[in-house]
Each structure stands twice: as structure tokens, then as C-alpha cells.
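To keep things clear, I will list the structure first and then write my remarks on it.
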Amino acid sequence: MAKRVAVVLAGCGVFDGSEIHEASAVLVHLSREGAQAEVYAPNIPQMHVVDHVKGQPTPEQRNVLVESARIARGNIKDLATLDVKGLDALIIPGGFGVAKNLSTWATQGKNCSISQEVEGVLRAFHAAHKPIGLCCISPVLAAKIFPGCEVTVGHDTECEQWPYAKTAEAMKELGCRHVNSQVTEAHVDARNRLVSTSAFMCNAPIHHVHDGIGSMVREVLRLA
């Protein structure tokens, strides 16, 4: 039986939704490993819409589920319908949508709140001892919800290669343990069944990001 993995998206586009390359890499690696991806997104308005050419917000309004459907080629379900009982694992790609649409991390950092629907899904998988894969900024969701957990967003010292390293410090303040790792690696918190990888938190060639997500997916499936 193929393992069934829920993939939760947060829109379509790095600055206001799910990071498209990360989401695509997750789906490619799940397919390569013979797993069945089931894509979900919350049926809510986006925090805002960003013009990805100018890098500036626009007056448009868009829906997270509708935009996520672009990545899923229309094969997507409302997150409200997710039933953990029929699924083996959960993966949440990164992108600013995680910090804007699934949580308020973008505006409140460690003082953020997590969407009630998203938190419910994470807690359900955690309570069922089913693995959760997280990449790029999405490990902040686990750091907020599961104090004492172990995650990685890459490195905790800011430099040209690691421009978002301050995220690691904010996560430590939440009481989690941040583990430095390379972009091609995934960190496994065996106790909490969490698998994380830095992805585009690192200023790295795209194939290295793709390889790191592959490491994450394989570890998630091993635990499933």
C-alpha cells in the first residue's frame, strides 16, 4: 500500500504563499518514493497579495485555497476536510505564506499565533505519532506549538549564505532546540517525529535545496 501524505499549502508564490519550488520538490520526491500526495489548503483570504516583480503589496485580494490549487493542478481539498486517520504523514513546504496565512509569524515573530485550523492538524498528527515534515520557515509552526522540540532552519549565525539566521534565535526563545545543518541535510527529532530542512532559508543553488527536501521526504516516509 502506498503511503498517503498530506501536503498543506499556503498559497502560490514565495512572498505571499507557498514557495513554488519547495512545494514542487516535495511532490516530486513523494512521487519518486512511491507515496501518494494529498494536497490541502485552508479556505481563507490571503493576508495580502504581493507583486513578485516589484516585491510590493498590491490592492488585490486572493484566496489561499484557490491560489494553492495552481500548484496542485486543481487536485486539492479544503484543509477543513482533512482526516488524520486516513493519512500516514504531513508535510508543510515553506514560503512567506506560512508566516502570513498559516500564522502571524511575519508580523509578530515569536509572539505569533497559529491558525486554529493549522494548529489542529499539526496537533492531530503529533498525537497520532505520525511524522511531520517541515521546510524553510515552516518549522516555526512546530517551535510555537511543541515546546522542547528539535528543528532546523539551517544556521543560527547570519551571513551571506544564511540571511535569515535570526529566525533560529527567535525559535530558541520559544523553548525549542535549533540544530545547525547544511541545506542538503534534514534533521530528525525522533521523539516528536518531526523532520525539518532549511531549503531557501539558505542562499544556495536550487538543486541543493531540492536535494535537502528529498532528504526530508525520505526521512518522513521512513518514520511513517
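As a basis for the values below, the full set of heavy atoms in this structure was taken, side chains included, without hydrogen atoms, waters or symmetry mates. Residue numbers run from 1 in the order of the sequence given.
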Any donor and acceptor pair, going by atom type alone, linking the side chain of [X] with main-chain N or O of [Y] inside 3.5 Å?
| X | Y | result |
| --- | --- | --- |
| E19 | H21 | yes |
| H210 | H29 | no |
| K144 | K110 | yes |
| R177 | G148 | no |
| D189 | E150 | yes |
| E67 | V64 | no |
| D83 | G86 | no |
| S18 | I20 | no |

Hydrophobic clustering (ILVMFWY, side-chain heavy atoms < 4.5 Å, transitive) - are [Y] and [X] grouped together?
| X | Y | result |
| --- | --- | --- |
| L87 | V121 | yes |
| I132 | I137 | yes |
| I92 | F125 | yes |
| M216 | I206 | yes |
| L79 | L122 | yes |

Distance from [X] atom [atom1] to [Y] atom [atom2], nearest 0.5 Å?
| X | Y | atom1 | atom2 | answer |
| --- | --- | --- | --- | --- |
| H187 | N180 | NE2 | CG | 11.0 Å |
| Q46 | S68 | CD | OG | 8.0 Å |
| I91 | E22 | CD1 | CD | 12.0 Å |
| T107 | K100 | OG1 | NZ | 10.0 Å |
| I76 | L65 | CD1 | CG | 5.0 Å |
| L194 | T152 | CG | OG1 | 12.5 Å |

Worked verdict on T58 versus V50 for side-chain contact (heavy atoms from CB on, under 4.5 Å) | CA-CA 6 Å; T58 74; V50 173; over 6 Å; no
Specify the closest pair of heavy atoms between [X] and [Y], including all atoms of both residues, with the distance to one decimal.
| X | Y | value |
| --- | --- | --- |
| P93 | C135 | CA-SG, 3.6 Å |
| V98 | S138 | CG1-CA, 3.8 Å |
| G154 | W162 | CA-CZ3, 3.3 Å |
| C176 | M171 | SG-O, 3.2 Å |
| S181 | H155 | O-CD2, 3.1 Å |
| N101 | D16 | ND2-O, 3.0 Å |

side-chain contact (heavy atoms from CB on, under 4.5 Å) assessment of H129 paired with R193 = CA-CA 7 Å; H129 304 289; R193 302 180 81 77; 4.0 Å; yes
Of all residues at least two apart in sequence or in a different chain, which pass the salt bridge (Lys or Arg N to Asp or Glu O under 4.0 Å) check with E117?
-> none
Neighbour count >12 (heavy atoms, 6.0 Å) for atom [atom1], [X]:
| X | atom1 | result |
| --- | --- | --- |
| N75 | CG | no |
| R4 | CZ | yes |
| F96 | CZ | no |
| R32 | CZ | no |

Given the rule in the side-chain contact (heavy atoms from CB on, under 4.5 Å) test, do V195 and L134 qualify, once you have shown the distances and angles that lead to the verdict?
-> CA-CA 6 Å; V195 186; L134 304 160; over 6 Å; no
Student check: side-chain heavy atoms of V7 and L30 closer than 4.5 Å =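 Yes - at least one pair of side-chain heavy atoms lies under 4.5 Å apart.
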Check the pair E169 / K166 against salt bridge (charged side-chain N to carboxylate O under 4.0 Å, His left out), numbers first and verdict last.
-> CA-CA 5 Å; E169 292 302 319; K166 289 180 181 177; over 6 Å; no
Assess whether salt bridge (charged side-chain N to carboxylate O under 4.0 Å, His left out) is satisfied between D156 and K172, documenting all intermediate values.
-> CA-CA 10 Å; D156 56 9; K172 290 177 189 177; 2.8 Å; yes
Is the closest side-chain donor-acceptor distance between N192 and H126 under 3.5 Å?
-> yes
